[in-house]
Structures are given as C-alpha cells and as structure tokens.
Amino acid sequence: MDKFVVNGGKRLRGRITVSGAKNAAVAILPAVLLAESPCIIENVPDISDVHGILKALSALGAKVTPLSRTTFEIDPTEVKSFVVNKEMAQGMRASSYFLGALLGRMRRAKVAPPGGCAIGLRPIDQHIKGFEALGAKVSIESGMVVAKAEKLGGGTVYLDMVSVGATVNIMIAAARARGMTVIENAAREPHIVDLANFLNSMGADIMGAGTNVIKIRGVEHLKGTTYSIIPDQIEAGTYMVAAAATRGDVIISNVIPKHLESITAKLKEAGARIEEGDEFVRVTMDKRPVKCNVKTMPHPGFPTDMQPQFATLLALADGTSIVTESVWESRFRYVEQLTFMGADIKVDGKSAIITGVKNLKAAPVKADDLRAGAAMIIAGLVAEGETEISDIEYIDRGYEQVVEKLTAVGADIKRVSDEDFGYSLKAN
Ligand code: EPZ
C-alpha cells in the first residue's frame, strides 16, 4: 500500500488551485440518470470517489466519455438496469444517491447499503422517509435497499435532523415526481445549491436551495445539459489551514469566498491574516496560532469536514482550545494519531480539549478516514522530521493531486509505495 512521506518544517508559499467539489460531484453525477439526453459535466474532481460513481454509471449502462481529465460526457439514454451491487457501490456513502436517481428515472432501485468514512453510524432512515413521502415502498431484501413506486407524487418531508444526503436524495427523486415536494429542515451546504442549479439547468423546477425549506415542483422531462461543478469548499479550507499551520503565505485560487466564511472567521480568530478576492483567498500567518473554541454545525456553521484539520492547527496554539463535534458521533479517531506526534488532546464525549504544544514531532501515523488523513498531512507539514502516513487511499478519495499541489508551494511530500521501502507486503 502506498504511503505519504512528509518532511516537515517548510513554510508553504505560493498558489494552490482548488478542484471541483467532491460532495457536489458525487451528487450531480448520479442525477444525470434523470436526463433523457447526454450531459457534459465540467470541473469534475479527479478523485477515487468520483471514479467509483463514474464506474457505477457505466455498469448501469450509461455511456461515459472522458473529454478531459476533469470533463465527462455522460449519456444515460440506454440505461435499463436499476441495480447497484456491492462492488459498484464501492463502500462509498454517495452510492446511496443512486436510490433517488433510479427511483426518479424508472421508479425502481436496488442499491447495496452505502459505506463511507467510519465517523459514526451512517443510517439512511431520513432518505427512506423522504422516498416514502413520495409514494415509494422501501424494503431491505437480502442486504440490498429496494425501492419501488407505481408513481412518484409530491410530498412534504420534515427531516428529523439536518441531513445533506437525505436532502440530496429526496431532491433527486422528487425532480420528476408528479406535483410539489417540500423538504423542511433541509441542508444548506453549497453542494446542495450546486445540485439544485444542475437539476434546474436540465429543466427541473427547484426553489429555496440554500435555505432550510426546499420546494421541488416535479416535471415530466429533463434534458441533457452542460454544467460546471463548484469549487471544493473543504479542499480550499484544508489548504487554508495548512498555510496557517506552517506559518506560510498561500493564495488559494478558484474558490467562492462566501462558501469559506466560517472557516475564514475561525482562522482569523486563530491569528491568521486572510485577504479575499473574487475567486481567491490569501492566507498568511507569521506567529504561533491563538487558542480558540470551535463547534461544528451544518452550513453555514463551521463544517464538520474541517474539524480534524482545524484541531491540528489548535494542537499548536498558545493555550487550551475546545473542539465540539455536533454532527458525527465518532469523529475524533485522528486524535490518537496526533498524540503519537506529541499533541496534548483529551477527548471527552463530543468534545476534544486541546492544550497547545510548541511543536509536533514526526512519527508513523495512519489516515483513519478522509479528513483525518488531511489532518495527518497538516501535522506532517509542521512536525520536525519525516512523518510517514499510511492508509492514504482514504485521502485519495477526496483530494486531487495533493502531492503535486503541496509540492508546488514548497512542501516536501512524496507518495511512496511499499516496494520503495525495500520490502513488499506481497508474499514472495
Ligand atoms: C455528507 O455525509 C458528506 N458526504 C460528509 O462528508 C459530511 O460530513 C456530512 O454530509 C455532513 O456535512 C457526502 O456528501 C458524500 P448527513 P452524509 O446525512 O450525507 C445523521 C467528507 O469528509 N443521519 O448530513 O452521510 C447522520 O448519522 C464526508 O467529505 C441520520 O441519522 O451526512 C449524521 O449524524 C464525511 N439518518 C447527521 O445525520 C439519515 O438518514 C448528518 O448526516 C441521514 C443522516
């Protein structure tokens, strides 16, 4: 298995360009199944979660044609299958979106249960509640989630908690349902708005995306469209924190600053200077971070997907900070890895109490999940010595060309395979 080897202590300087948003792409690509003609999707991030979705679309019978590394033509007209089996689902959370897309396209869906980062139980009860409000029958049959509907009619769904996935799935299924669907307590993330804009560009009639009440007036036909995915808010935030942690000076370009507001506000609280342009933010930091408290919340609150990265910055702060995780029940697994590097963090239920240390020391660590892996990279960039990060396939799920992007701003980071370590795990 590959590893990242990071030689820390280098200040990041220069420019990093952000790729398309993972959590928008993995929602928009399955939604192409609703179209009756080909779609061209641009600014698609070149990451393994997206590769998995594209493979599943092909397996369903869609014609997927790469027009460039980040642009794809997808023609769903020949799709007849409504089954997404275990290998097609690839243990990704986003495979659940095929439920809404196939229900919306052919009133039937049979999808392997979704996987996803081990940051807590990943139930889909709210997704199912939404499908049932549209008139579908949902059951579990030999380990597969089976949904079917004679016809899909509009309905009102009051989500028990703010759920990105349920909001996405219900919006997709409702786009071609007959009548008006209302999602109350809807998620407001930028990727929800991006999905609504994509569906509307195909001829859907969706109002209120970005607020906590989304209305979808179902339409009979949706046509192919050309659509460019928004920049990735969390990738941008990750590099903003890396710039601050290394006391560097980095311009992060191809961003929508409004999507970064809560991250920018917290970084300023921690002592960073942030300059905002139309499509870039510039992060400079020339001193030790200042302690501050963070509580993750659904958008527009501080994103849970930035929690491990920001906690790593606070591990170096002057003073004690408290990080509270209010979205996921177990998103502190990375803390143990940081303590191997000398961090002083105590987890107490939903909170981590972080007593800042002057510096971290290199140690062999692993990526427990996607954003935990990003936190390990940030820690390695700062730590004295050579940090080896294993299980980096998690990082490849959500960060395009992370080695190239960081190397371009002065980081000493390499992707190394086991063979390069002079031994191979494969039995001889
Ligand atoms: C999406 O996951 C993201 N993944 C996650 O990002 C992100 O952490 C999360 O939204 C919150 O922003 C994708 O978009 C592919 P939720 P999702 O439904 O949809 C509970 C990353 O790092 N819940 O908003 O699975 C759930 O257990 C990943 O990019 C139910 O109880 O998250 C959680 O506590 C990690 N029942 C809370 O709601 C349901 O039916 C929020 O979950 C659905 C959710």
Side-chain angles (χ1 to χ4, degrees), residues 19-31 45 47-50 52-53 89-100 113-133 138 145 147 157-173 183 185-195 212 229-230 232-238 259 262-263 296-310 325-334 350 367-375 394-400:
S19 304
K22 166 177 89 82
N23 292 345
V26 298
I28 286 168
L29 291 170
I47 54 177
S48 60
D49 267 13
V50 162
I53 295 286
Q90 303 226 337
M92 285 181 302
R93 179 70 182 163
S95 54
S96 63
Y97 297 153
F98 283 107
L99 281 167
C117 289
I119 50 181
L121 293 173
R122 307 292 298 261
I124 58 167
D125 56 298
Q126 300 297 302
H127 304 229
I128 292 169
K129 177 176 171 179
F131 298 147
E132 288 171 343
V138 186
V145 183
V157 196
Y158 203 108
L159 295 178
D160 296 351
M161 78 292 291
V162 175
S163 162
V164 166
T167 304
V168 164
N169 238 338
I170 297 164
M171 209 166 27
I172 292 173
I183 307 174
N185 202 18
R188 302 170 55 189
E189 274 68 6
H191 27 290
I192 298 287
V193 177
D194 208 28
L195 172 65
N212 56 6
I229 288 172
I230 54 167
D232 194 312
Q233 162 203 40
I234 304 301
E235 184 194 14
T238 301
H259 292 169
S262 62
I263 302 165
T296 67
M297 295 294 283
H299 193 80
F302 189 87
T304 173
D305 293 346
M306 281 297 304
Q307 186 259 94
Q309 302 92 309
F310 205 85
E325 172 57 56
S326 68
V327 175
W328 295 106
E329 58 269 33
S330 60
R331 194 165 209 171
F332 287 123
R333 294 185 341 155
Y334 67 90
K350 284 191 163 286
D368 283 308
D369 59 64
L370 166 56
R371 307 304 174 182
Y394 283 110
I395 301 171
D396 289 333
R397 293 181 61 165
Y399 288 94
E400 177 187 300

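One-based numbering, in listed order, for ligands and for the atoms of each.
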heavy-atom search around atom 36 (N) of ligand 1 in the protein gives D125 OD1, 2.7 Å
Show me which atoms of ligand 1 lie under 4.0 Å from any heavy atom of K22.
21 (C), 29 (O)
Sub-4.0 Å heavy-atom approach of R331 to ligand 1
yes
Could you see which bit of D369 sits under 4.0 Å from ligand 1, with heavy atoms only: side chain, backbone, both or neither?
neither
Among all protein heavy atoms, pick the one closest to atom 5 (C) of ligand 1 and tell me residue, atom and distance.
D305 OD2, 3.7 Å
Stepwise salt bridge (charged side-chain N to carboxylate O under 4.0 Å, His left out) check, D232 with K22
CA-CA 7 Å; D232 194 312; K22 166 177 89 82; over 6 Å; no
Specify the protein heavy atom at minimum distance from atom 30 (C) of ligand 1: its residue, its atom name, and the distance to 0.1 Å.
P123 CG, 3.5 Å
What protein heavy atom sits nearest atom 44 (C) of ligand 1, and how far off is it?
S163 OG, 3.7 Å
Working note: D49 + R93, criterion salt bridge (charged side-chain N to carboxylate O under 4.0 Å, His left out); need CA distance, chi angles, decisive distance, verdict.
CA-CA 9 Å; D49 267 13; R93 179 70 182 163; over 6 Å; no
Kindly compute the distance separating CD1 (I170) from CG (L99), expressed to the nearest 0.5 Å.
11.5 Å
For A187, is the nearest heavy atom under 4.0 Å from an atom of ligand 1?
no
Are any of the N/O atoms in V327 less than 3.5 Å from those in ligand 1?
yes
What's the shortest distance from atom 2 (O) of ligand 1 to any protein heavy atom, and which residue and atom give it?
R122 NH2, 3.5 Å
Record the part of T304 in heavy-atom contact with ligand 1 below 4.0 Å; permitted values are side chain, backbone, both and neither.
side chain
Atoms of ligand 1, numbered as shown, that sit under 4.0 Å from any heavy atom of M161
23 (N), 30 (C), 31 (O), 38 (O)
Rounded to the nearest 0.5 angstrom, the CD-CG distance for E189 and L195 is 12.5 Å
What's the shortest heavy-atom distance between Y334 and A372, and which atoms?
CB-CB, 3.6 Å
What protein heavy atom lies closest to atom 9 (C) of ligand 1? Include the residue and the distance to one decimal.
W328 CZ2, 3.8 Å
Suppose we measure from atom 25 (O) of ligand 1 to each protein heavy atom; which comes out shortest, and what is that distance?
R93 NE, 2.6 Å
At a 4.0 Å threshold, what atoms of ligand 1 neighbour a non-hydrogen atom of Q126?
36 (N), 39 (C), 40 (O)
Show me which atoms of ligand 1 lie under 4.0 Å from any heavy atom of R371.
21 (C), 22 (O), 29 (O)
Would you say the side-chain atoms of R333 pair up with the backbone N or O of D368, donor to acceptor, closer than 3.5 Å?
yes
Straight-line distance of F302 CZ to M297 CE, nearest 0.5 Å
13.0 Å
With a cut-off of 4.0 Å, which atoms of ligand 1 are near a heavy atom of G165?
18 (O), 19 (O)
Looking at R331 and D305, is there a salt bridge between them, counting it only when a charged N and a carboxylate O are closer than 4.0 Å?
yes
So does V327 get a backbone contact from the side chain of K350, meaning a donor-acceptor N/O pair under 3.5 Å?
no
Show the atoms of ligand 1 that are less than 4.0 angstrom away from any heavy atom in H127.
40 (O)
Side chain of T296, backbone of P303: donor and acceptor closer than 3.5 Å?
no
Is it true that a side-chain atom of N23 and a backbone atom of H191 form a donor plus acceptor pair closer than 3.5 Å?
no
Any side-chain heavy-atom pair from Q126 and D160 closer than 4.5 angstrom?
yes
What do you reckon, does V164 have a nitrogen or oxygen under 3.5 Å from a nitrogen or oxygen of ligand 1?
yes
For atom 15 (C) of ligand 1, the protein heavy atom that lies nearest, with its residue and separation:
N23 OD1, 3.5 Å
